[in-house]
Amino acid sequence: MASYIDWVRAFCLTLPHTTEDVQWEHDLLFRIAGKMFCVANMEPALFPTKIAFKCTSEKFAELVEIEGIIPAPYMARNHWVAMVAMDALRQPEIKELIQNSYQLVLEKLPKRKQAELSAKTPAKARAAKRTPATKRRK
């Protein structure tokens with residue numbers, strides 16, 4: 001297995017309610033509520049893409065201008081990009097983009113499902129996610 005898969009997998013699994021499974025023989029999929037937010041290619045020798053993830057239309061246009069990042073095959077119309085060179089961006093930037101992908105997918109889930117997932121998140125984790133402006137005042 002390629003080294004990038006280790007840190008991508010470790011990072012994706014830190015995101016709440018993430019599940020992983022292998023699909024299409026060689027792709028490691030990371031999902032929230034059954035919806036993909038990141039795909040890692042476990043056989044980079046077979047296909048040039050390393051990882052793929054969703055982004056906003058603005059970010060999509062920006063990212064595909066970078067050498068080593070292409071519109072994701074089959075998913076570009078949904079604003080997914082694929083990295084063919086893991087050195088196209090620094091690891092912290094990639095993690096941020098994966099986290100943004102997770103958030104985009106989460107926000108598209110039905111409100112009922114979002115509420116269900118939020119209820120399953122430990123109170124400590126929910127409190128840590130709040131910004132100071134959203135905390136209750138005494």
Side-chain angles (χ1 to χ4, degrees):
M1 215 169 359
S3 64
Y4 66 88
I5 292 176
D6 295 333
W7 67 261
V8 168
R9 180 176 183 269
F11 177 73
C12 287
L13 292 176
T14 67
L15 301 171
H17 312 292
T18 295
T19 59
E20 67 176 332
D21 62 287
V22 176
Q23 195 166 325
W24 306 303
E25 297 178 25
H26 59 83
D27 288 324
L28 183 58
L29 277 58
F30 299 97
R31 303 176 194 218
I32 180 165
K35 303 291 184 181
M36 295 185 308
F37 67 88
C38 184
V39 178
N41 177 7
M42 297 188 302
E43 297 290 339
L46 297 177
F47 301 97
T49 60
K50 309 291 188 256
I51 64 170
F53 47 84
K54 184 173 182 61
C55 52
T56 63
S57 57
E58 296 82 16
K59 196 68 174 173
F60 177 86
E62 180 184 320
L63 290 172
V64 296
E65 294 297 319
I66 298 172
E67 189 173 334
I69 302 176
I70 62 170
Y74 310 107
M75 294 297 288
R77 66 172 189 237
N78 295 318
H79 302 115
W80 277 66
V81 295
M83 298 190 66
V84 293
M86 292 304 291
D87 61 354
L89 297 170
R90 294 185 335 253
Q91 193 176 111
E93 293 172 299
I94 297 169
K95 288 180 177 179
E96 183 180 343
L97 290 165
I98 292 171
Q99 188 162 12
N100 290 343
S101 176
Y102 171 90
Q103 195 63 40
L104 287 169
V105 173
L106 176 64
E107 290 169 359
K108 287 287 188 178
L109 293 175
K111 297 296 179 201
R112 179 178 282 179
K113 190 63 176 177
Q114 289 181 41
E116 183 183 310
L117 291 173
S118 181
K120 289 180 182 178
T121 302
K124 241 183 194 180
R126 285 195 307 267
K129 287 183 179 179
R130 285 190 209 150
T131 60
T134 61
K135 289 187 179 177
R136 288 187 178 178
R137 294 180 187 214
K138 293 183 180 181

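Separation of atoms CZ (Phe53) and NZ (Lys59) is listed at 9.0 Å; rounding is to 0.5 Å. In this structure, CD1 in Ile69 is found 9.0 Å from CD in Glu62, a value given to the nearest 0.5 Å. To the nearest 0.5 angstrom, Leu63 atom CG is 8.0 Å from Thr56 atom OG1. Leu29 contributes atom CG, which lies 12.0 Å from atom OG1 of Thr18 (distance to the nearest 0.5 angstrom).
The closest side-chain heavy-atom distance from Asn41 to Lys50 is not below 4.5 Å. At least one side-chain heavy atom of Ile98 sits under 4.5 Å from a side-chain heavy atom of Phe37. Looking at Gln23 and Val39, their side chains never come closer than 4.5 Å, going by heavy atoms from C-beta outward. A heavy-atom distance below 4.5 Å is not found between the side chains of Cys38 and Ser101. Side-chain atoms of Leu28 and Val8, non-hydrogen and from C-beta on, never get closer than 4.5 Å to each other. The shortest side-chain heavy-atom distance between Leu117 and Pro16 does not fall under the 4.5 Å cut-off.
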field: Residues Cys55, Val81; criterion side chain to side chain contact (heavy atoms under 4.5 Å, CB included); working and verdict
entry: CA-CA 7 Å; Cys55 52; Val81 295; 4.0 Å; yes
task: Dump the intermediate steps for side chain to side chain contact (heavy atoms under 4.5 Å, CB included) on Met36 and Val105, then the final yes or no.
output: CA-CA 8 Å; Met36 295 185 308; Val105 173; over 6 Å; no
Residue pair Tyr4, Ile51: steps toward the side chain to side chain contact (heavy atoms under 4.5 Å, CB included) verdict: CA-CA 9 Å; Tyr4 66 88; Ile51 64 170; 3.9 Å; yes
task: Go through the steps to decide whether Ile32 and Tyr102 satisfy the test side chain to side chain contact (heavy atoms under 4.5 Å, CB included), and finish with yes or no.
output: CA-CA 8 Å; Ile32 180 165; Tyr102 171 90; 3.3 Å; yes
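Of all non-hydrogen atoms in Met83 and Ile94, the two that sit nearest each other are CE-CD1, 3.7 Å. Among all heavy-atom pairs drawn from Ala40 and Ile5, the shortest one is CB-CG1, 4.5 Å. Closest heavy-atom contact between Ala88 and Ile66: O-CG2, 3.9 Å.
For residues 13-41, every residue pair satisfying the salt bridge (Lys or Arg N to Asp or Glu O under 4.0 Å) rule, not counting sequence neighbours, is listed here: Arg9-Glu20, Asp21-Arg31. Legend: ring pair (Phe, Tyr, Trp, His ring centres under 6.0 Å) pairs involving residues 71-91, not counting sequence neighbours, sorted by first then second residue: Phe60-His79. Within the structure, the side chain to side chain donor-acceptor pair (under 3.5 Å) test picks out the following pairs touching residues 105-114 (sequence neighbours left out): Gln103-Glu107, Lys113-Glu116.
Every side chain to side chain donor-acceptor pair (under 3.5 Å) that Lys95 has, sequence neighbours left out, goes to Gln91. Remark: Glu96 engages no residue in a salt bridge (charged side-chain N to carboxylate O under 4.0 Å, His left out) (not counting sequence neighbours).
If you chain together hydrophobic residues whose side chains sit under 4.5 Å apart, Met75 and Trp24 fall into the same group.
Ile70 belongs to a hydrophobic cluster whose other members, connected by ILVMFWY side-chain contacts under 4.5 Å either directly or through intermediates, are Val84.
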